[in-house]
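Structure first, then comments.
Order of the sequence lines sets the chain letters (A, B, ...), proteins ahead of strands, with each chain counted from 1.
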Amino acid sequence: MAESAIPIVEIKSVSKIFQLQDQKIHALSDANLSIHKGEFICLIGASGCGKSTLLRIIAGFEQPSAGEALMWGRPIVGPDPTRGMVFQDYALFPWLNVRANIGFGPAARGLGGAEVRDIVDKFIELVGLGKFANAYPHQLSGGMKQRVAIARVLANDAELVLMDEPFGALDAMTRERLQDELLEIWQRTKLTVVFVTHSVEEAIFLANRVVVMTPGPGRIESDNALDLPRPRDVASPEFNAIRRVLAAKLHSHHAKKAA
Amino acid sequence: MAIVETGPMPAAAEEAAARKPARSTWTRLKPTVLALIVPLLLLAFWQVATTQQWTRLIPTPYAVAECMVDFAVGGIFDDAYSGTLLSHLLASMSRVYGGFALAAMFALPIGLMIGRMPWARMLLDPFLQVMRPIPVTAWLPLSMILFGLGAKSAFALVCLGAFYPILLNTVFGVRAVDPKLFEAAAMLGCRGNAQFYKVVLPAAVPSIFTGLRLGLGLAWFVIVVGEMTGVPQGLGAVIMDGRTLSRTELVICGMIVIGLAGYLSDRVVVATGNRLLRWSPNHHG
């Protein structure tokens with residue numbers, strides 16, 4: 001996937017310290033990461049490892065305490081439509097129906113009504129919600145809500161899709177379906193995805209790069225390229241071998257502390 | 001391991017389908033029937049209590065009904081109150097809705113400001129919180145001094161009564177917006193002041209609506225107090241006059257009309273709310 005030399009996003013020795021009353025929390029320490037076009041990167045780690053913080057820095061919701069976060073060589077100063085975020089709890093606008101939620105970004109960019117309608121039609125079809133176009137979020141299941149959240153980011157022409165444990169709140173069967181659908185969309189649209197998860201299996205199933213992070217302070221433990229052929233079989237021996245290696249890396253900080 | 005598949009049970013399903021229409025009639029009538037039980041029991045008790053002469057202070061239901069008909073269309077007693085219901089009702093309604101509209105006109109923008117701007121909160125909130133515990137009735141004497149005996153005073157009291165529920169619910173609605181929605185809007189390209197119109201206002205609408213509903217309810221509540229102050233027209237005035245004239249049936253008639261008018265006005269608000277807030281799962285009154 002190293003077809004283009006210039007990364008979309010570059011994270012250069014980024015640290016993040018949160019001030020909580022008198023306590024300083026070292027959420028992220030000296031993180032380095034380059035994201036290239038077309039990659040599917042999974043950030044994986046236990047809670048407190050800084051994976052969500054890193055994602056939020058890339059999104060522009062947080063500013064690094066030290067280091068640089070760059071997009072196309074320029075500092076990321078705030079949230080921007082080029083970097084779309086899919087939240088675990090959907091964060092759909094409850095007063096807008098499915099159509100209007102997906103059309104929110106295009107409308108905010110000032111596109112005309114007909115143009116917005118065409119975009120919405122296209123992405124509603126892409127995520128298979130044609131029948132629910134006029135439903136409100138509270139009438140949808142969790143899986144459908146997350147489809148809307150994905151469509152609304154894609155409809156906004158995001159170059160980079162950031163996903164913060166997007167399938168964490170879904171039941172196992174819905175999660176598997178959405179994983180398949182996400183991969184299909186990624187392959188079809190040549191998206192670039194950064195996906196935060198705490199499931200090793202999910203990471204291996206989806207990613208072509210798995211970034212393992214460890215807590216206390218949060219840091220990047222290793223960056224692992226995966227070249228398993230797709231579609232991947234979670235029950236295959238190759239899959240399990242990788243799972244074992246990554247699980248060991250994930251728990252490496254325990255061993256270090258014990259020593 | 002074997003998996004045994006069992007088909008659906010058609011007999012049971014058909015039976016359920018056959019039972020459905022009978023049940024749906026009852027389902028439709030049930031709320032009305034249940035809602036009528038308590039008023040009818042009360043009416044029966046009233047009838048018994050007055051015909052058995054347990055008390056002579058309360059007129060019989062029949063006397064009240066007779067008075068109500070005369071109050072509404074006239075032709076029975078031909079006194080000062082015959083056929084005047086509509087003019088009293090309109091007088092009260094104009095004060096209720098006028099005072100309510102004036103209250104909303106002030107409470108909504110102030111509430112939005114207090115909810116969104118820290119300096120507005122620091123400027124206004126302490127003052128308004130100190131004024132809030134003063135009951136509307138305590139304002140009555142001052143309002144009489146300021147506005148004199150008459151409709152203006154009633155208008156001012158209604159306005160004061162409706163102000164706080166609208167204000168407080170607006171502030172709450174604005175401040176309770178899920179912070180995630182601001183992030184979602186920002187990453188979709190909606191920033192700064194645009195967020196106020198596209199996120200804050202729509203998110204606060206259910207709360208604002210609750211405030212308007214409570215405010216209108218209180219306006220009907222306060223109108224009687226407001227019309228005690230020497231107003232010739234209005235349902236509050238009718239009730240107070242009825243007491244002075246020892247016409248208890250007229251007092252009860254006035255109470256019933258206020259109750260019904262307040263109820264109907266609330267139903268209109270709720271129906272509007274249900275239409276406007278179809279998106280909100282917990283906003284169906």
Taking everything shown except B:F106 itself, do over 12 heavy atoms lie less than 6.0 Å from its CZ? no

Donor-acceptor under 3.5 Å (B:R278 side chain, A:Y136 main chain): no

Closest non-hydrogen atom pair, A:W95 against B:V199: CH2-O, 3.5 Å

Checking B:A184 against chain A: side chain, backbone, both or neither under 4.5 Å from a heavy atom? both

Enter the distance from A:N97:CG to B:W279:CH2 here, rounded to the nearest 0.5 Å. 13.0 Å

Could you tell me which portion of A:L162 (side chain, backbone, both or neither) has an atom closer than 4.5 angstrom to a non-hydrogen atom of chain B? neither

Using non-hydrogen atoms only, which part of A:D89 is less than 4.5 Å away from chain B: side chain, backbone, both, or neither? side chain

Under 4.5 Å to a heavy atom of chain B? For A:R83 that would be backbone

Taking every heavy atom of B:R191 against every heavy atom of A:P81, the minimum-distance pair comes out as NH2-CD, 4.2 Å

Could you check whether any side-chain heavy atom of A:F93 comes within less than 4.5 Å of a side-chain heavy atom of B:K198, counting everything from C-beta outward? no

Can you tell me how far NZ of B:K180 sits from CG of A:D164, rounded to the nearest 0.5 angstrom? 7.0 Å

If you count heavy atoms of other groups shown closer than 6.0 angstrom to CD of A:Q23, is the number above 12? no

Looking at A:A158, A:G105, A:P94, A:A108, which makes the most heavy-atom pairs under 4.5 Å with chain B? A:P94

Assess whether atom OH of B:Y97 is packed by more than 12 heavy atoms of other residues, nucleotides or ligands within 6.0 Å. yes

Kindly give the heavy-atom pair with the smallest separation between A:N156 and B:M187, and that separation in Å. ND2-O, 4.2 Å

How far does CG of B:L188 sit from CE of A:M85, to the nearest 0.5 angstrom? 12.0 Å

